[in-house]
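When a residue number appears, it is its place in the shown sequence, counting from 1.
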Amino acid sequence: MTDKQKLPIINARNRVAKSRLFSIEQLDLTFSNGEKRQYERMLGSGSGAVMIVPMLDENTMLLVREYCAGTHTYELGFPKGLIDKGEVAPQAANRELKEEIGYGAEKLISIREVMMAPAFFNAKMMIFLAEGLYQEELEGDEPEPLEVVPWKLDNYQALLEEPNFNEARSIAALMLIRDYLTKNTTDSSNQPNHLSNGL
């Protein structure tokens with residue numbers, strides 16, 4: 001590791017603001033070249049978050065349309081939520097599915113952890129693929145029922161053109177899931193068919 005790659009030293013940390021969901025922290029830093037700077041970052045609450053791409057069948061995803069206060073609009077995206085205290089990420093993913101779309105999943109596949117604006121925000125989100133859906137509802141904390149929107153995966157380009165499908169993490173999840181499923185379908189089709197060989 002070169003000097004340029006060394007992390008700066010944190011000389012002091014001070015909380016400058018706090019709300020129900022976030023804290024803003026000021027960092028006093030010294031970089032490896034001796035430069036001193038103050039940075040501010042937003043700290044998320046809890047143990048991170050999850051986003052889930054539920055597959056009703058091999059080509060049908062389920063999205064939700066919900067109110068987003070940041071933009072004061074209704075946005076289309078994948079089910080998501082915070083990991084509650086005492087939960088691990090797969091438990092949180094299955095709970096969020098039951099709360100938001102009325103389904104649980106027999107199989108949850110961890111796809112990738114993503115970050116949102118890491119220059120300012122330390123929140124992490126794990127993206128899951130959910131398969132083997134079964135109907136089960138849990139009461140959530142949404143102020144109104146969420147609209148569940150089925151969408152064909154092979155029509156993903158039309159989803160990317162939807163004016164209310166804007167969240168970068170949902171777009172990332174869509175492309176990651178599409179690549180994952182395409183790769184695994186291709187890999188399985190390249191496997192020898194033992195039945196056709198009489199085995």
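Here the closest heavy-atom approach between residue V53 and residue A173 is recorded as CG2-CB, 4.0 Å. Across every non-hydrogen atom of A92 and L82, the tightest pair is CB-O, 4.3 Å. Contact record, Q91 with E87: OE1-CA, 3.4 Å, taken as the closest heavy-atom pair. Here the closest heavy-atom approach between residue K6 and residue S32 is recorded as CB-CB, 4.3 Å. In this structure, P54 and L97 approach most closely via the heavy-atom pair CG-CD2, 3.7 Å. Here the closest heavy-atom approach between residue W151 and residue L76 is recorded as CZ3-CD2, 4.3 Å.
Put simply, F31 and I10 are part of the same group of oily side chains (I, L, V, M, F, W, Y) that touch within less than 4.5 Å, one to the next. L29 and M42 fall into different hydrophobic clusters, where Ile, Leu, Val, Met, Phe, Trp and Tyr side chains are chained together by heavy-atom contacts under 4.5 Å.
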Walk me through it: do K18 and R15 pass the test side chain to side chain contact (heavy atoms under 4.5 Å, CB included)? CA-CA 8 Å; K18 186 176 185 338; R15 190 170 72 186; 3.1 Å; yes

Checking salt bridge (charged side-chain N to carboxylate O under 4.0 Å, His left out) for the pair R13/E25: CA distance, chi angles, key distance, verdict? CA-CA 7 Å; R13 299 165 55 164; E25 184 178 64; 3.1 Å; yes

Could you go step by step and tell me if L181 and E131 meet the side chain to side chain contact (heavy atoms under 4.5 Å, CB included) rule? CA-CA 11 Å; L181 291 174; E131 297 178 324; 4.0 Å; yes

With side chain to side chain contact (heavy atoms under 4.5 Å, CB included) as the criterion, how do F165 and S170 come out once you've worked through the C-alpha distance, each side chain's angles and the decisive distance to 0.1 Å? CA-CA 8 Å; F165 183 71; S170 282; 3.7 Å; yes

Apply salt bridge (charged side-chain N to carboxylate O under 4.0 Å, His left out) to the pair R95 and D84, showing each step before the final yes or no. CA-CA 10 Å; R95 174 182 53 75; D84 287 345; 3.4 Å; yes

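One distance of note links CD1 of I111 with CD1 of I177; it measures 4.0 Å at 0.5 Å rounding. Residue N14 holds its CG atom at 13.5 Å from CD1 of I24, rounded to the nearest 0.5 Å. Considering CG of L153 and OG1 of T60, their distance stands at 9.0 Å, rounded to 0.5 Å. Between the CG atom in L129 and the CZ atom in R112 there is a gap of 16.0 Å [rounded to 0.5 Å]. The CZ atom of F78 sits 4.5 Å away from atom CG of L63, with the distance rounded to the nearest 0.5 Å. Here the straight-line distance linking atom CE of M61 with atom CD1 of I52 works out to 14.5 Å at 0.5 Å rounding.
You'll find the side chain of L62 reaches within 4.5 Å of the side chain of L133, heavy atoms only. L56 is not listed as a side-chain neighbour of P150, based on a closest heavy-atom distance of 4.5 Å or more. Within the 4.5 Å cutoff, no side-chain heavy atoms of Y103 are placed close to those of K98. Between I101 and Q135, the closest side-chain pair of non-hydrogen atoms is not below 4.5 Å. For the pair M125 and R169, the minimum side-chain heavy-atom distance is below 4.5 Å. Side-chain contact between Y180 and L176: absent, with no pair of heavy atoms (C-beta onward) separated by less than 4.5 Å. Taking the side chain as every heavy atom from C-beta outward, L160 and M175 approach each other to under 4.5 Å. Here the side chains of N164 and R65 are in contact, with some heavy-atom distance below 4.5 Å.
By the neighbour-count criterion of 12 heavy atoms within 6.0 Å, atom CD1 of I9 is sparsely surrounded, having that number or fewer from other residues, nucleotides or ligands. Atom CD of E137 is surrounded by 12 or fewer heavy atoms from other residues, nucleotides or ligands within 6.0 Å.
The only member of E96, E75, E167, E100 that meets salt bridge (Lys or Arg N to Asp or Glu O under 4.0 Å) when paired with K80 is E167.
Using a distance-only test at 3.5 Å, with no hydrogens or angles considered, a donor-acceptor pair links the side chain of N59 to the main chain of D154.
Taking the six-membered ring where the residue is Trp, Y67 and H72 present perpendicular rings, their angle passing 60° and hence far from 30°.
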